[in-house]
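Just below is one structure, and these are the notes that go with it.
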Amino acid sequence: MVSCTAAPGSGEEQRSVALSERNVLSVPTHSQMGPMGKQSPSSLPVPTGGSCLLLLFCLRLGASCPQSCQCPDHAGAVAVHCSARGLQEIPKDIPADAVLLKLDANKIARIPNGAFQHLSQLRELDLSQNAIETIGPAAFSGLAGGLRLLDLSHNRIRRIPKDALGKLSAKIRLSHNPLHCECALQEALWELKLDPDSVDEIACHTSVQEEYVGKPLIQALDSGVSFCSIHHKTTDVAMLVTMFGWFAMVITYVVYYVRQNQEDARRHLEYLKSLPSATVSKDPLSPVP
């Protein structure tokens with residue numbers, strides 16, 4: 001009798017599947033026994049197709065799962081539950097065929113580049129209730145096509161990483177983060193597909209306009225506020241100051257050039273006046289000696 005048991009940490013109760021002795025092992029008869037009581041090679045048991053499928057199933061149950069996590073079936077697919085495990089970084093041994101990954105309620109502070117690049121089948125990624133402050137520009141590379149939901153709520157994100165999130169087609173949750181409301185944030189939000197169920201909970205923790213601190217960001221934007229207008233005004237002032245500086249330099253050079261030429265002309269005129277007169281008057285009627 002053969003049994004297969006799920007690997008530890010898979011999150012499933014141990015499964016035992018008994019195979020019929022008729023399919024796996026055949027008891028040799030006296031006619032099948034060779035000399036000295038040995039079984040002839042032709043009579044050795046050969047696994048049937050059903051047992052091969054069972055062995056594959058056993059291997060599937062023993063697929064790798066991150067330590068201290070659980071990997072139950074999720075609608076016939078693989079789900080990885082690593083919630084509240086005290087993790088400080090993204091596990092590296094997540095099954096490649098996972099469709100759901102829960103890393104919420106941990107102590108993860110940063111998401112490095114390529115952290116999920118091998119999870120091309122991932123559909124939902126929960127990173128909420130962590131301490132995330134830094135997100136690499138290529139942190140979610142490999143997920144752009146299939147990811148449907150990305151939860152980054154309840155973290156410590158101050159600025160939206162436009163390069164990391166701009167290429168995703170997933171719904172993104174950003175509520176309860178200490179966001180700094182500025183032009184860069186406003187421009188980044190234009191390219192993101194925010195989750196409509198949590199978009200009203202995105203608020204300005206700090207802002208370039210103090211009157212919007214603590215207020216919902218969407219409410220401020222809907223009222224016609226543009227955080228980029230202040231940025232544009234500052235840029236315009238800087239351009240005017242720069243242009244004025246160049247203009248002053250040009251005027252100074254022209255004045256210096258004119259004065260220098262005037263001084264050279266005056267000196268040349270004084271030099272000509274200082275030369276002795278070399279002209280001699282001659283009478284054309286006087287006889288030639």
Side-chain angles (χ1 to χ4, degrees), residues 1-19 51-157 161 164-165 167-168 170-177 195:
M1 183 175 293
V2 179
S3 63
C4 62
T5 305
S10 64
E12 297 182 349
E13 297 182 355
Q14 292 186 345
R15 303 177 181 179
S16 297
V17 180
L19 291 182
S51 62
C52 291
L53 292 177
L54 180 60
L55 290 175
L56 292 176
F57 181 70
C58 294
L59 292 176
R60 177 65 190 86
L61 291 178
S64 62
C65 188
Q67 187 178 6
S68 76
C69 298
Q70 296 179 345
C71 299
D73 285 343
H74 177 74
V78 180
V80 181
H81 292 185
C82 300
S83 304
R85 302 293 179 177
L87 301 176
Q88 297 183 359
E89 59 182 13
I90 307 295
K92 301 183 182 301
D93 52 349
I94 300 173
D97 55 349
V99 297
L100 171 63
L101 176 57
K102 294 183 68 65
L103 293 167
D104 55 301
N106 282 290
K107 301 177 181 180
I108 300 172
R110 59 183 296 269
I111 305 177
N113 293 331
F116 311 101
Q117 61 183 358
H118 66 293
L119 304 177
S120 59
Q121 301 183 35
L122 197 62
R123 296 296 177 265
E124 296 184 20
L125 176 56
D126 189 353
L127 290 164
S128 62
Q129 301 182 47
N130 276 280
I132 298 173
E133 296 181 2
T134 305
I135 299 178
F140 303 105
S141 61
L143 302 180
L147 195 64
R148 295 292 175 264
L149 177 62
L150 173 60
D151 195 344
L152 291 170
S153 61
H154 295 273
N155 277 285
R156 300 177 183 176
I157 302 173
L165 302 179
K167 298 179 181 180
L168 297 177
K171 293 181 181 179
I172 302 176
R173 295 175 182 172
L174 291 169
S175 58
H176 302 285
N177 277 286
D195 179 33

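In this structure, S64 and C71 have side chains that are not in contact, with every pair of non-hydrogen atoms separated by 4.5 Å or more. Two residues are said to be in side-chain contact when any heavy atoms from C-beta on lie closer than 4.5 Å; L125 and F140 meet this criterion. Side-chain atoms of I135 and L152, non-hydrogen and from C-beta on, do get closer than 4.5 Å to each other. By the 4.5 Å heavy-atom criterion applied to side chains, C65 and V78 are not counted as neighbours.
Here the CD1 atom belonging to I132 is positioned 4.0 Å from the CD1 atom belonging to I111, to the nearest 0.5 angstrom. Between the CG atom in L143 and the CG atom in L168 there is a gap of 7.0 Å [rounded to 0.5 Å]. From D151, atom CG reaches atom CD of E124 across 10.0 Å, with rounding to the nearest 0.5 Å. Atoms CG and CD1, on L165 and I172 in that order, are 4.5 Å from each other to the nearest 0.5 Å. The structure places OG of S128 at 10.0 Å from CG of L150, a figure rounded to the nearest 0.5 Å. The structure places CD1 of I157 at 9.0 Å from CG of L127, a figure rounded to the nearest 0.5 Å.
Residue pairs meeting the side chain to side chain donor-acceptor pair (under 3.5 Å) criterion with at least one partner in residues 102-116, sequence neighbours excluded, are S83-D104, K102-D126. Residue pairs meeting the salt bridge (charged side-chain N to carboxylate O under 4.0 Å, His left out) criterion with at least one partner in residues 87-96, sequence neighbours excluded, are absent. Screening residues 130-145 for side chain to side chain donor-acceptor pair (under 3.5 Å) gives no qualifying pairs among residues at least two apart or on separate chains.
Pairing each heavy atom of A77 with each of V99, the nearest pair is CB-CG2, 3.5 Å. The nearest pair of heavy atoms linking R123 to G146 is CD-O, 3.1 Å. Taking all atoms of both residues into account, the shortest heavy-atom contact from H81 to L100 is NE2-CD2, 3.9 Å.
At least one donor-acceptor pair closer than 3.5 Å links the side chain of H118 to the backbone N or O of I94. No donor-acceptor pair under 3.5 Å is formed between the side chain of D195 and the backbone N or O of R173.
Between P66 and the choices L101, V80, I90, the side-chain contact (heavy atoms from CB on, under 4.5 Å) rule is met once, by V80.
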